[in-house]
Amino acid sequence: MKQLMLGNAAAARGLFEGGCEFISSYPGTPSTEITEEAAKFKEIYCEWAPNEKVALESAFGACLAGRRAFCGMKHVGLNVAADPLYTMSYTGVNAGLVIGVADDPGMHSSQNEQDSRHHAIASKIPMLEPSDSDEAREFAKLAFEISEKFDTPVLYKMCTRVAHSQSITEACERETPAHKEYKKDITKYVMAPANAIRRHPFVEQRMADLAKWSETSGINRVEKADSKTGIITSSTAYQYVKEVLGDSVNILKLGMVNPLPAEMIKKFADGLEKLIIVEELDPVIETFVRGLGLTCEIHGKDMFPICGEFSQNILAAAFGREVSQGTKLDVAIPVRPPIMCAGCPHRGMFYALNKLKVTVFGDIGCYTLGSVAPLSAMDVTLCMGASFSGLHGWNKAGGAENEKKSVAVIGDSTLMHSGMTGLASIAYNQSNSTVIVLDNSITGMTGHQQNPTTGKNLYGEPAGRVDLEALARAMGINRVRVVDPYNIAECEAAVKEELVVEEPSLIISRRPCVLLKEVKAKPALVVDEAKCKSCKMCMKIGCPAIAMKDGKAKIDPTLCVGCGVCTQMCKFGAL
């Protein structure tokens, strides 16, 4: 049955059709929906892991048990999973193991623009890269076959545009491969040095075999044209090439981007005058092609940007074609900067931190928006879990001068992901650090996924729940307190008190995300214009429900959830 399908949904469909039985992932845009969609199939067990490393190790265990397994993450998550990934290349697999990674050219929801193809090359693991929804489905199935045929994990690379675009795909029946029997093999699965050194030649031979297979398997294809110009491309860049150039040039469309098919590329280039490599981000394909000793003229990053994602217009400009101006509005629309939601429980704490003028080490989550004006209450954001460990180093290096005017903030899900080790370092090495857990009872940034602190699993069923207060004390933090972020005075007092003590302390700022369905909004607040003095103090919390109109504060009743934080700002009782 043909249907229009989101790329991530098609990937999930492919996992289902390929006989996948186990999925462990950590949510991260633009990869999240693969696991969420796969969870709709009763034949596949799905879970959210605390982080990507745990997810990959769990999927590896499932594949050893003879079940086809998948693990999904975004590109920066692959960094977290890199430790098991590189050694897993040596061990190989039992049943098929597919590792989904979604890159984010343009950084729509990410802190960097890394190119995951480098991980495939460095770890010596094959990587498939679909360019539309139907390939997303087909390649997910094919990845399992490759994994078992060549005894290897397979990296399956999506990108934002393929993951979140829709195109036609045709669903097929589910395969039900027999479970693989596990056979104890210490030389294969115990990567002590004596065993690992014997596995390295296997990895090199496997890559050579995969390169040979890719030459004739059909995963890479040539589209011929009456032209002396050839294009080598993959993923979403292929779609832009087709839209701009159509059938006017020869195209080598790559579906496997590691290893690359050297002989196929040489044959494709034979007789061409010009060869152009069109790829987003780093010149991975271009570098490989330039090393083949081809005689034709080669172009790549001399024509296309190395930063950001491509578009039809970028390609049109590079090829001297007319650039579409699109449809323009005849009215100026005000810019809407990213900002925390009306009623966001993080707002009160960030206002208190801004008021106290402390240095704030931030972390990855929707609360990173605390760095945005007018709150501007965050100084540093590096990567998942870095806030606590960064503050520890800051305080150890700066001593008392830093300790009394700096804090770190982290979300409940991020704490579980990679913040606990930083907290352990603070407790173990005894820096006088004040750290704050912004506990909104959900993984907010990626769309309300459960995590180990919520008491529910991926399916919303009751699950084991981590008690944050007990956890902190068990890790050696003696001073633990809970505050309500809707109470600004309470937040401010707590931070002040903990900053002056001579030991580590943890504050839990606890209130559920206002967008959770079980959280009932209160009636919207209103403004008593007679009392409003136009002082604009209520604007300092950056709530999107509050605006100034005709010199008076106005509250949008469609946005306001009645949290009451703004009432604490107004000295005149106008709210």
Side-chain angles (χ1 to χ4, degrees), residues 1-23 25 30-46 67-72 95-103 126-149 154-178 213-214 216-224 233-247 251-257 261 312:
M1 180 179 67
K2 291 186 177 181
Q3 56 186 300
L4 196 63
M5 191 175 288
L6 194 74
N8 279 346
R13 177 74 201 185
L15 296 174
F16 166 76
E17 292 178 7
C20 182
E21 293 186 54
F22 180 95
I23 295 179
S25 303
S31 71
T32 308
E33 297 87 0
I34 298 177
T35 301
E36 290 179 330
E37 290 293 325
K40 296 175 182 178
F41 297 107
K42 67 180 188 304
E43 295 88 349
I44 308 177
Y45 166 79
C46 297
R67 275 65 173 172
R68 288 185 170 182
F70 173 82
C71 170
L97 176 60
V98 179
I99 304 158
V101 56
D103 282 12
M127 175 177 273
L128 310 187
E129 189 172 30
S131 63
D132 59 26
S133 295
D134 202 44
E135 283 192 348
R137 182 188 61 81
E138 290 180 356
F139 284 13
K141 294 168 61 177
L142 179 61
F144 283 123
E145 297 173 16
I146 294 171
S147 177
E148 292 176 358
K149 178 180 176 67
V154 174
L155 283 161
Y156 171 89
K157 178 179 174 290
M158 299 284 274
C159 69
T160 300
R161 291 300 170 188
V162 176
H164 288 164
S165 295
Q166 297 187 68
S167 60
I168 295 294
T169 187
E170 187 168 1
C172 299
E173 295 298 316
R174 175 176 168 85
E175 299 174 9
T176 53
W213 175 86
S214 73
T216 59
S217 67
I219 194 169
N220 306 311
R221 69 173 185 266
V222 173
E223 299 175 9
K224 284 285 190 181
T233 188
S234 66
S235 187
T236 190
Y238 166 76
Q239 305 295 348
Y240 303 144
V241 167
K242 293 296 288 184
E243 187 163 340
V244 172
L245 300 177
D247 299 325
I251 297 174
L252 171 52
K253 192 270 183 191
L254 298 172
M256 177 177 273
V257 292
Q312 295 90 333

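Because only heavy atoms are used, hydrogens play no part in the values below, and waters and symmetry mates are left out as well, while side chains stay in.
No donor-acceptor distance shorter than 3.5 angstrom exists from the side chain of Ser133 to the backbone of Gln166, with no hydrogens or angles considered. Judged by distance alone, with hydrogens and angles left aside, the side-chain atoms of Arg174 form a donor-acceptor pair with the main-chain N or O of Phe16 at under 3.5 Å. At least one donor-acceptor pair closer than 3.5 Å links the side chain of Asp134 to the backbone N or O of Glu170. With hydrogens and angles ignored, the 3.5 Å screen pairs a side-chain donor or acceptor of Tyr156 with a backbone N or O of Ala136. Side-chain atoms of Ser25 come within 3.5 Å of backbone atoms of Gly72 as a donor-acceptor pair (strictly under, hydrogens ignored). Panel note: side chain Asn220, backbone Ser214; a donor-acceptor pair is recorded below 3.5 Å. Looking at Arg137, its side chain never comes within 3.5 Å of a backbone N or O of Thr169 through a donor-acceptor pair. Of the possible donor and acceptor atoms, none in the side chain of Glu223 sits under 3.5 Å from a partner among the backbone N and O of Ile251. The main-chain N or O of Cys172 is found under 3.5 Å from a side-chain atom of Arg13 such that the two form a donor-acceptor pair.
One distance of note links OH of Tyr238 with NZ of Lys253; it measures 7.0 Å at 0.5 Å rounding. Going from atom CD of Gln239 over to atom OG of Ser167 covers 7.5 Å, rounded to the nearest 0.5 Å. To the nearest 0.5 Å, the span separating OG1 on Thr35 from CD on Glu33 amounts to 9.5 Å. Considering CG of Leu155 and CG of Leu97, their distance stands at 9.5 Å, rounded to 0.5 Å. Atom CG of Asn8 sits about 8.0 Å away from atom OG1 of Thr32, to the nearest 0.5 Å. The distance from atom CD1 of Ile23 to atom SG of Cys71, rounded to the nearest 0.5 Å, is 9.5 Å.
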Inset, instruction - For side-chain contact (heavy atoms from CB on, under 4.5 Å), just list the numbers for Thr233 and Tyr240, CA-CA rounded to whole Å, side-chain angles, deciding distance to a tenth of an Å, and then say yes or no. - result: CA-CA 10 Å; Thr233 188; Tyr240 303 144; over 6 Å; no
Inset, instruction - Using the salt bridge (charged side-chain N to carboxylate O under 4.0 Å, His left out) rule, take Asp247 and Lys224 through it: C-alpha gap first, then chi angles, then the decisive distance, then the call. - result: CA-CA 8 Å; Asp247 299 325; Lys224 284 285 190 181; over 6 Å; no
Inset, instruction - Run the numbers on Leu15 and Phe144 for side-chain contact (heavy atoms from CB on, under 4.5 Å), then give the verdict. - result: CA-CA 9 Å; Leu15 296 174; Phe144 283 123; 3.8 Å; yes
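Side-chain contact between Met5 and Glu37 is absent, with no heavy-atom pair separated by less than 4.5 Å. At a threshold of 4.5 Å between non-hydrogen side-chain atoms, the residues Phe70 and Ile34 count as touching. Residues Met256 and Pro126 are in side-chain contact: their nearest non-hydrogen atoms beyond the backbone lie under 4.5 Å apart. Inter-residue side-chain proximity for Asp103 and Lys157 is flagged as met; some heavy-atom pair is nearer than 4.5 Å. Here the side chains of Trp213 and Ile146 are in contact, with some heavy-atom distance below 4.5 Å. Side-chain contact check for Pro30 versus Val162: every heavy-atom pair is 4.5 Å or farther apart. The shortest side-chain heavy-atom distance between Glu129 and Phe139 does not fall under the 4.5 Å cut-off.
Ala95 approaches Ser147 most closely through the heavy-atom pair O-OG, 4.4 Å. Shown here for Ala163 and Leu6, the closest heavy-atom pair between the two residues is O-CG, 3.4 Å.
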